[in-house]
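Notes follow the structure.
Every number for a ligand or one of its atoms is a count from 1 in the order of the listing.
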Amino acid sequence: MTDVKIRLYVEHPLGAGQRLALNKDQSHYLFAVMRQPLGARIAVFNGADGEWLAEVSKANKRNGELYLISQRGPQQNPPDLWLLFAPIKKARTDFIVEKAAEMGVSRIVPVQTDFTNADRIRQDRLQAHAVEAAEQCGGTFVPEVAELAKLPRVLSDWPEGRKLMFCDETLTGEACATDALSAAGAAPWAILIGPEGGFSDAERQALRGLPFAHPVSLGPRILRADTAAVAAMTLWQINLGDWL
Ligand code: SAH
């Protein structure tokens, strides 16, 4: 396989012999930042058609163009796993989105809980982080970052058949119930991580009453929300996902 160092996400159908017009940001990145010459080969993916080998057919810093040569890898979608998390400080929220894209979730859903401080998010910026993470980790899929939604609303609109791994900090110290997760069966699933302040008693009570929710412990120590997200995704992927 031709060795290529740059991978670029594009919103464009991919097929052999096609020409692909790059937008301003992509052209700036490829030709001003990465200084790719005419004829340079890079990889592109669009989240649906696998990974393609492309050649620079116009090296212009504002409106470059690629020529699509051939498919070099299959489309690989993550398991049907959503990550629900309460937005925290900017850098930690960015981290959670980046890690979720790397670890393999299909959708990222920021939720507003009783102890969430943020009342808005920069959805476009978070989506750009997910794209960057997919580009650098070799993935061909970019999870969608949903709009910030209130937790009760998300739970009342819950899709039938989707299970919820509810990471409940009051279970800290109890055995991590990976057997129970596996026994509950395969995807679709969602993981729920609370904010730094944890969940309110009312939220916990409501969550525990939901037939699709499976409360779990993440071990003997209280983890920060960003650490908890990574730990929960790892546990889920090992027991039910595509790391097997
Ligand atoms: N301030 C809270 C901790 C919140 S930690 C307290 O002191 O109790 C942030 C989130 O990470 C929690 O809401 C939970 O979803 C998750 N989390 C952290 N450690 C956990 C653990 N040991 N078990 C289960 N969930 C945990």
Side-chain angles (χ1 to χ4, degrees), residues 79 81-121 126 129-130 133 143 145-146 148-158 162-185 187-241 243:
L81 172 67
W82 296 357
L83 175 69
L84 275 57
F85 76 99
I88 40 179
K89 285 201 184 95
K90 181 177 165 294
R92 289 179 187 274
T93 299
D94 291 353
F95 176 92
I96 291 177
V97 168
E98 182 183 291
K99 298 312 151 204
E102 287 174 32
M103 299 186 83
V105 308
S106 58
R107 192 156 180 262
I108 299 170
V109 187
V111 290
Q112 220 175 351
T113 64
D114 287 345
F115 300 151
T116 303
N117 293 324
D119 53 10
R120 58 198 177 92
I121 52 160
L126 292 178
H129 278 296
V145 180
L148 182 63
K150 289 195 162 50
L151 181 63
R153 180 75 194 271
V154 173
L155 295 175
S156 65
D157 290 346
W158 199 251
R162 185 171 297 272
K163 294 163 192 144
L164 181 67
M165 176 177 170
F166 162 40
C167 298
D168 181 353
E169 67 275 5
T170 62
L171 299 181
T172 302
E174 292 194 15
C176 177
T178 50
D179 293 352
L181 271 191
S182 304
W189 272 85
I191 291 170
L192 173 62
I193 304 288
E196 295 301 0
F199 292 100
S200 68
D201 288 342
E203 283 172 334
R204 185 166 297 105
Q205 212 175 352
L207 281 158
R208 290 207 173 160
L210 297 171
F212 52 83
H214 299 258
V216 298
S217 158
L218 297 176
R221 287 164 290 272
I222 295 177
L223 308 175
R224 294 192 78 134
D226 46 351
T227 319
V230 173
M233 289 188 284
T234 309
L235 273 175
W236 191 92
Q237 286 288 17
I238 289 173
N239 286 282
L240 290 161
W243 291 16

* Asked: Can you name the closest pair of heavy atoms from G104 and P79 and give their distance?
  -> O-CD, 3.8 Å
* **From the candidates C176, P220, A228, the one that places a heavy atom nearest atom 16 (C) of ligand 1** => A228
* Examine distances only and state if a side-chain atom of K163 and a backbone atom of A184 form a donor-acceptor pair shorter than 3.5 Å. => yes
* To do: Answer yes or no: is there a donor N or O on one side and an acceptor on the other, between the side chain of S217 and the main chain of E174, under 3.5 Å?
  => yes
* Please determine if S217 has a nitrogen or oxygen closer than 3.5 Å to a nitrogen or oxygen of ligand 1. => no
* Asked: With only distance considered, is I193 within less than 3.5 Å of ligand 1 through an N or O on each side?
  -> no
* To do: Of the side chain and backbone of R224, name the one, both, or neither that has a heavy atom under 4.0 Å from an atom of ligand 1.
  => neither
* For ligand 1, is P195 a contact, meaning one of its heavy atoms is under 4.0 Å away? -> yes
* I222 N/O under 3.5 Å from ligand 1 N/O -> no
* Can you find an N or O of C167 that's nearer than 3.5 Å to an N or O of ligand 1? -> yes
* Contacting atoms of ligand 1, where contact means under 4.0 angstrom from a heavy atom of G197 -> 1 (N)
* Might you point out which heavy atoms bring V154 and A149 nearest each other, and give the distance in Å? => CG2-CB, 3.6 Å
* To do: Would you mind checking which non-hydrogen protein atom is closest to atom 23 (N) of ligand 1, with the distance to 0.1 Å?
  => L218 N, 2.8 Å
* Asked: Looking at atom 19 (N) of ligand 1, what's its closest protein heavy atom, distance included?
  -> L223 N, 2.9 Å
* Structure fact -> Under 4.0 Å from one or more heavy atoms of F199, ligand 1 contributes atoms 13 (O), 15 (O)
* N/O donor-acceptor pair under 3.5 Å between W243 side chain and N239 backbone -> no
* For F166, which residues count as a ring pair (Phe, Tyr, Trp, His ring centres under 6.0 Å) partner, sequence neighbours excluded? -> F199
* To do: Check whether any heavy atom of D168 sits under 4.0 Å from an atom of ligand 1.
  => yes
* Would you mind running through ligand 1 and noting each atom that sits below 4.0 Å from a heavy atom of V216? => 24 (C)
* **Nearest neighbour in protein (non-hydrogen) for atom 13 (O) of ligand 1** => E169 OE1, 2.8 Å
* Structure fact -> heavy-atom search around atom 21 (C) of ligand 1 in the protein gives T172 OG1, 3.4 Å
* **Main-chain N/O of L81 paired to S106 side chain as donor or acceptor, under 3.5 Å** => yes
* Numbered atoms and elements of ligand 1 in range of G219, under 4.0 angstrom, heavy atoms -> 22 (N)
* To do: Name the closest protein heavy atom to atom 1 (N) of ligand 1, giving the residue it belongs to and the distance to 0.1 Å.
  => E196 O, 2.7 Å
* In the protein, which heavy atom is nearest to atom 10 (C) of ligand 1, and how far is it? -> G194 O, 3.5 Å
* Structure fact -> When every non-hydrogen atom of V216 is compared with those of M165, the smallest separation belongs to CG2-CG, 3.8 Å
* **For M103 against T234, the heavy-atom pair lying closest together** => CE-OG1, 3.1 Å
* On the 0 to 90° scale, with breaks at 30° and 60°, tag the W158-F212 ring pair as parallel, tilted or perpendicular. => parallel
* Rounded distance [0.5 Å steps], CG in L84 versus CG in L151 -> 7.5 Å
